[in-house]
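A short write-up of the structure that comes next.
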Amino acid sequence: MPKKPAAPKGPITLATWNINSIRARLDLMDGFLRQYAPDVLCLQETKVRDDQFPHELFDAHGYTTRLIKGQPGYNGVAIFAKHQVELHEMRALCGRNDCRHISAKLPDGTVLHNYYVPAGGDVPDPVKNDKFAHKLEVVAEMTAWSMELKKKGGKEILVGDLNIAPLETDVWSHKQLLNVVSHTPVETEGMLKMQAARDWVDAVRHFVPAEQKLYSWWSYRSPNWELADKGRRLDHVWVSPQLKGKLKHAQVIKEMRGKEKASDHAPIIVTIDLG
DNA sequence: ATGGTTGGGATCCAA
């Protein structure tokens, strides 16, 4: 009888990936899971209703826990694990039930939050662009929520496509992107406030110095994405301060951006010792 | 200054 395995001893690997439609990328996902087999996998932009989710692939790879929250066409988040984890919460950001958050309680009590922050449209003005206004509201709400978490002081991990590249080295050209949605000062400063509200530790920058360029997303519109390398770091893994010393490794799996039928985002894998 | 690509699900929207 297949039983859900107990929590692994020692470090676990945790992946986050904006997959840009799971049904369009079953082969890509299969290859990724064969090669990297993370213990826990968080997805954003699954773009599929729950009753149409392709469970078989994840079943075949041993993800006995599958927590999904999808809607037709857009958004959609999911958490998979090779061992038992509990659904913790599904937050409706800004009062909209639009499938941008799902969270799970891991065996040691750490709560894992998976977010998909709105991209925010093209015009970086909340008066002229409702989508940008909504993005800023979501960031403000996540900041207030982070402050509440800080009061409780539990162990938390926050991952996802946050659609903001906070540091100058998180974009290919700081100057040229200052007025481009994802790197405007109101967004980058908003993100820093959110980090400060819970003392979130940027798990990827914990290993990659801020002087070094680092991206997780390259637009489909650039025909020569790798050579041009006009990327942005939109995807993040943050941990609450008491987990900082438990971080073992972090890596953007850029190779996945170069595969056939790739997502425009690369996955990130963090190794953390929750034991 | 502009247009470039992709996926979903309808003939356009979101990214």
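Numbers restart at 1 for each chain; the letters A, B, ... are given by sequence-line order, proteins then strands.
- Here the separation of B:dT6 from B:dT2, taken at their P atoms, is 23 Å to the nearest Å.
- To the nearest angstrom, C1' of B:dC13 lies 12 Å from CG of A:N75.
- Rounded to whole Å, atom P of B:dA15 lies 10 Å from atom CG of A:N129.
- Contacts between residues 116-128 of chain A and DNA chain B, defined by a heavy-atom separation below 4.0 Å, involve A:Y116, A:A119, listed by number.
- With hydrophobic clusters built from ILVMFWY side chains whose heavy atoms lie under 4.5 angstrom apart, A:V237 does not share a cluster with A:V111.
- Between the NE2 atom of A:H265 and the P atom of B:dA14 there is a distance of 17 Å, rounded to whole Å.
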Q: Heavy atoms under 4.0 Å is the rule here; annotate nucleotides 2-11 of chain B 5' to 3' with B where the base is hit, S where only the sugar-phosphate is, and - elsewhere.
A: --BBSSSS--
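- Contacts of A:R100 with the nucleic acid, taken as non-hydrogen atoms under 4.0 Å apart, involve only primed sugar atoms and P, OP1 or OP2.
- A:H134 places its NE2 atom 15 Å from the C1' atom of B:dA15, with the value rounded to the nearest Å.
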Could you pull out all donor-acceptor pairs under 3.5 Å where a side-chain atom in residues 224-231 of chain A meets a protein atom, sequence neighbours excluded?
unit_1: A:D229; atom_1: OD1; unit_2: A:W218; atom_2: NE1; d: 2.8

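- Rounding to whole angstrom units, CG of residue A:N163 and P of B:dA14 are separated by 15 Å.
- Across B:dG9 and B:dA14, the matching C1' atoms stand 12 Å from one another, rounded to whole Å.
- Here B:dA1 presents its C1' atom at 14 Å from CG of A:N179, a figure rounded to the nearest Å.
- A salt bridge links A:E141 and A:R91; the closest N-O separation between the charged side-chain nitrogens and carboxylate oxygens is under 4.0 Å.
- Classification of A:D59 and A:R66 as a salt-bridged pair holds, one side-chain N sitting under 4.0 Å from a carboxylate O.
- Within 6.0 Å of CD in A:E260 there are 12 or fewer heavy atoms belonging to other residues, nucleotides or ligands.
- The residues A:R257 and A:D264 are annotated as not salt-bridged, no charged nitrogen and carboxylate oxygen being separated by less than 4.0 angstrom.
- Between A:D161 atom CG and B:dA15 atom P the separation is 10 Å, expressed in whole Å.
- Between A:Y36 and A:W17, the ring center distance fails the sub-6.0 Å criterion.
- When the C1' atom is used for both B:dG3 and B:dA15, the distance is 15 Å, rounded to whole Å.
- Looking at A:K155 and A:D108, a side-chain N of the basic residue comes within less than 4.0 Å of a carboxylate O on the acidic one, giving a salt bridge.
- One interatomic measurement links the two molecules: CG of A:N18 to P of B:dA15, which rounds to 11 Å at whole-angstrom precision.
- When the shell of 6.0 Å around CD of A:E86 is examined, it contains 12 or fewer heavy atoms from other residues, nucleotides or ligands.
- Taking atom P on both B:dC12 and B:dA1, the two are 29 Å apart, rounded to the nearest angstrom.
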